Amino acid sequence: MNMNKWVFNVRLSRNIKHIQYLNIRFYSDSAAVRVRFAPSPTGQLHLGGFRTALYNYLFAKSRGGKYILRIEDTDRTRVVDGAVEQLQEDLKWLGIEFDEGPSNNGPYGPYIQSERLENYQRRTQQLLSSGHAYKCYCTEKRLELLRRDALRTRTIPRYDNKCRSLDDEDLSHNEGKKYCIRFKLNQSDGFFNDLVYGRTARNVAAVEGDPVILKSDGFPTYHLANVVDDHDMKITHVLRGVEWQPSTSKHILLYRAFGWNPPNFAHLPLLINKDGTKLSKRQNDITINAYRENGIYPEALLNFVISCGGGFVQNKETNNVYIKPLSELISKFDISLINSNSCQVPLDKLGYFNQAQLKIELNTDLGRKRTTGELKNILKNTFSNDKSVELDLSENHLNKILKWSINRITNINELIHENYKFIWLKPSESAIKSMDYDIDIVIKLKHHLINIDDFTIDNLGTVLKEFSKSNNIVYSNLMKMLRNIISGLKQGPGVSEIMVILGKEEVIARLNKACVKG
Ligand SMILES: Nc1ncnc2c1ncn2[C@@H]1O[C@H](COP(=O)(O)OP(=O)(O)OP(=O)(O)O)[C@@H](O)[C@H]1O
């Protein structure tokens with residue numbers, strides 16, 4: 001086969017996506033790229049929302065564009081106090097900064113939809129005047145009857161567009177009554193090129209009634225506010241969760257009615273739970289705030305979320321976990337590599353990413369200092385009420401513990417979990433009393449260890465083996481007893497390791513406690 005022809009065919013068969021990709025390039029070269037993240041302040045930012053925020057950021061920054069934060073708070077019943085501030089704090093902690101948004105404003109503000117109401121009302125008037133929208137006086141009761149009727153006849157509930165055809169007499173009869181504004185859907189496929197999913201079209205009018213664009217309380221619905229703001233804020237690319245894809249054809253019709261050019265659209269696959277449901281704000285344990293409070297590094301979260309969903313060339317030869325800095329993620333991001341299927345989040349893998357970042361931290365002076373400082377705080381907070389605990393919080397000691405534990409833990413918080421508590425706490429007197437051991441052997445062993453200067457894993461292994469032999473004790477029984485006395489554990493790290501971590505003085509002190517069994 002002719003090589004040139006083959007290469008040409010392969011390029012061509014990298015499907016329309018690639019051609020669309022080139023299209024955006026043309027688009028973005030002629031106009032500065034402006035990309036927005038537009039969350040609703042209905043709860044805390046979670047992994048799914050964060051990944052969408054991140055893809056928007058990477059796309060904007062990889063094209064030298066602007067990144068804009070817009071708060072979509074028109075559903076007033078669901079607004080949660082403090083959510084906007086928390087969201088900005090979370091994203092800042094993750095290293096994601098906005099060029100324009102509620103806290104740094106910009107040329108197209110305000111960036112909170114509830115502060116832009118006049119604008120939506122003006123735009124709605126424009127659609128009413130051009131005949132693309134109409135007043136709807138249908139009561140909630142009538143709409144409920146339509147819904148029930150659909151249920152009874154097993155059809156999809158939809159508004160029957162009754163008020164579209166009100167004549168002047170009907171209108172004057174309805175004067176003074178409560179109304180909303182609906183958009184007239186026309187029979188069109190609302191075609192657009194999705195930068196992730198390819199050619200997409202949907203004849204919305206065939207399956208839906210005319211949608212409300214301005215509610216009776218003067219607030220816009222998502223559809224209107226979204227389209228108006230994206231136009232007014234000169235947004236060039238809309239990247240949002242794929243659950244919005246069915247609405248996009250409707251939005252295309254709105255753009256046409258206004259006589260505006262729509263932006264480019266990319267719908268992003270969702271992060272989902274094991275049961276197939278979308279990650280949501282109701283799951284408190286997957287919020288960015290919860291991860292921050294639980295000792296997860298921002299770098300770990302960044303690299304974890306991009307491992308679910310594509311956007312980068314994957315190194316298939318290795319399963320190793322790599323941490324790349326944000327600057328590298330920006331330069332390597334490629335929207336044509338985003339997967340089009342939802343991704344079940346492998347939450348159990350997040351720990352590997354955190355461990356990888358912890359190793360990076362412990363490799364630099366600054367990182368080590370920061371980590372020992374954090375560990376010190378964790379220990380102080382955990383044991384501050386227990387006067388009997390004498391903590392060795394010296395930099396040296398904490399560094400030794402961190403170095404030893406690096407391949408065992410994924411998060412420094414684990415160092416206060418049951419398995420590692422022995423590092424900080426001596427077994428209690430009551431625990432020692434309940435242990436079954438030969439006190440004479442313990443006394444003998446203590447005296448033996450006092451004379452051992454080489455307190456290393458290798459040497460202790462040899463010393464303990466010789467001790468078991470010369471005292472006629474089964475080695476494994478000696479180990480069980482010793483582990484129990486010095487750590488309170490029945491299982492866990494090797495006995496010599498525990499001894500090295502505790503240090504000779506502490507081991508002798510703990511054996512001493514067991515020598516006075518009452
Ligand atoms: N699980 C998810 N995976 C990927 N993207 C998501 C996920 N959940 C939300 N997003 C996207 O994040 C952006 C901001 O979403 P939003 O703040 O509305 O969050 P939400 O969890 O969908 O909230 P709500 O449940 O209040 O609608 C939207 O583009 C949305 O599509």
Side-chain angles (χ1 to χ4, degrees), residues 35-60 67-91 94 96 98 101-102 111-114 194-197 220-223 225-227 229-230 233 235 237-248 250-251 263-291 301-302 304-311 335 338-347 350:
V35 180
R36 90 300 196 267
F37 177 54
S40 45
T42 48
Q44 297 211 22
L45 182 68
H46 56 70
L47 283 179
F50 163 51
R51 202 200 53 186
T52 293
L54 178 62
Y55 276 166
N56 272 287
Y57 174 81
L58 296 176
F59 185 81
Y67 188 40
I68 296 127
L69 174 65
R70 185 174 74 223
I71 302 297
E72 304 209 330
D73 62 344
T74 55
D75 185 354
R76 303 302 297 165
T77 56
R78 298 184 58 219
V79 169
V80 169
D81 276 352
V84 178
E85 292 72 20
Q86 178 75 57
L87 174 107
Q88 292 181 95
E89 204 181 309
D90 289 346
L91 287 168
L94 288 156
I96 312 273
F98 291 95
Y111 292 87
I112 298 186
Q113 287 189 329
S114 58
D194 194 310
L195 301 176
V196 172
Y197 289 83
T221 57
Y222 172 78
H223 307 298
N226 210 262
V227 166
D229 285 346
D230 283 343
M233 293 181 177
I235 300 301
H237 295 80
V238 171
L239 278 69
R240 61 184 171 200
V242 71
E243 79 271 31
W244 292 111
Q245 199 184 40
S247 299
T248 302
K250 201 181 306 180
H251 297 176
N264 291 286
F265 287 97
H267 289 92
L268 306 172
L270 294 180
L271 292 190
I272 54 173
N273 293 301
K274 274 199 182 127
D275 62 2
T277 54
K278 181 182 140 188
L279 257 52
S280 96
K281 287 174 177 155
R282 279 168 293 281
Q283 293 167 264
N284 293 332
D285 53 339
I286 53 150
T287 65
I288 301 305
N289 192 32
Y291 286 121
L301 280 174
L302 282 168
F304 174 65
V305 294
I306 59 130
S307 74
C308 329
I335 196 169
I338 290 182
N339 301 333
S340 54
N341 40 354
S342 302
C343 175
Q344 211 178 74
V345 201
L347 286 175
L350 176 58

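For clarity, every value in this text was computed on a predicted model and none was experimentally measured. Order of listing sets the numbers, starting from 1, for every ligand and every atom in it.
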Close side-chain approach of [X] and [Y], heavy atoms under 4.5 Å:
{"X": "L347", "Y": "D285", "result": "no"}
{"X": "Q283", "Y": "N273", "result": "yes"}
{"X": "R51", "Y": "V345", "result": "no"}
{"X": "Y111", "Y": "M233", "result": "yes"}

For [atom], find the nearest protein heavy atom and state the residue, atom name and distance (0.1 Å precision).
{"atom": "atom 16 (P) of ligand 1", "value": "K281 NZ, 3.4 Å"}
{"atom": "atom 15 (O) of ligand 1", "value": "P39 CA, 4.4 Å"}
{"atom": "atom 18 (O) of ligand 1", "value": "S40 OG, 3.1 Å"}
{"atom": "atom 30 (C) of ligand 1", "value": "E243 OE2, 3.5 Å"}
{"atom": "atom 1 (N) of ligand 1", "value": "L271 O, 3.0 Å"}
{"atom": "atom 13 (C) of ligand 1", "value": "F37 CE1, 3.6 Å"}
{"atom": "atom 22 (O) of ligand 1", "value": "K278 NZ, 2.8 Å"}
{"atom": "atom 26 (O) of ligand 1", "value": "T42 OG1, 2.6 Å"}

Over all atoms of both residues, closest heavy-atom pair of P346 and C308: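 So the two residues come closest at CD-SG, 3.9 Å.
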Main-chain N/O of N341 paired with N339 side-chain donor or acceptor, under 3.5 Å: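 Side chain of N339 to backbone of N341: no pair is present.
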At less than 4.0 angstrom from any non-hydrogen atom of [X], what atoms of ligand 1 do you find?
{"X": "L279", "result": "1 (N), 8 (N)"}
{"X": "R78", "result": "24 (P), 25 (O), 26 (O)"}
{"X": "W244", "result": "31 (O)"}

Is the shortest N/O to N/O distance between [X] and ligand 1 below 3.5 Å?
{"X": "G241", "result": "yes"}
{"X": "G48", "result": "yes"}
{"X": "T52", "result": "yes"}

Can N289 and T287 be counted as having a side-chain donor-acceptor contact under 3.5 angstrom?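 No, no side-chain donor-acceptor pair sits under 3.5 Å.
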With a 4.0 Å heavy-atom cut-off (strictly under), which part of H46 contacts ligand 1: side chain, backbone, both or neither?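 Answer for H46: side chain.
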Students often mix this up, so state it plainly: with edges at 30° and 60°, are the rings of W244 and Y222 parallel, tilted or perpendicular?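 It falls in the parallel class, under 30°.
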Does E72 have a non-hydrogen atom less than 4.0 Å from ligand 1?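 E72: no contact with ligand 1 (<4.0 Å).
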Yes or no on side-chain contact (heavy atoms from CB on, under 4.5 Å) for Y67 and N56, after CA distance, side-chain angles and deciding distance? CA-CA 8 Å; Y67 188 40; N56 272 287; 3.5 Å; yes
Could you point out which residue of T52, I338, V242 forms a side-chain contact (heavy atoms from CB on, under 4.5 Å) with P269?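 Checked T52, I338, V242 against P269; only one passes side-chain contact (heavy atoms from CB on, under 4.5 Å): I338.
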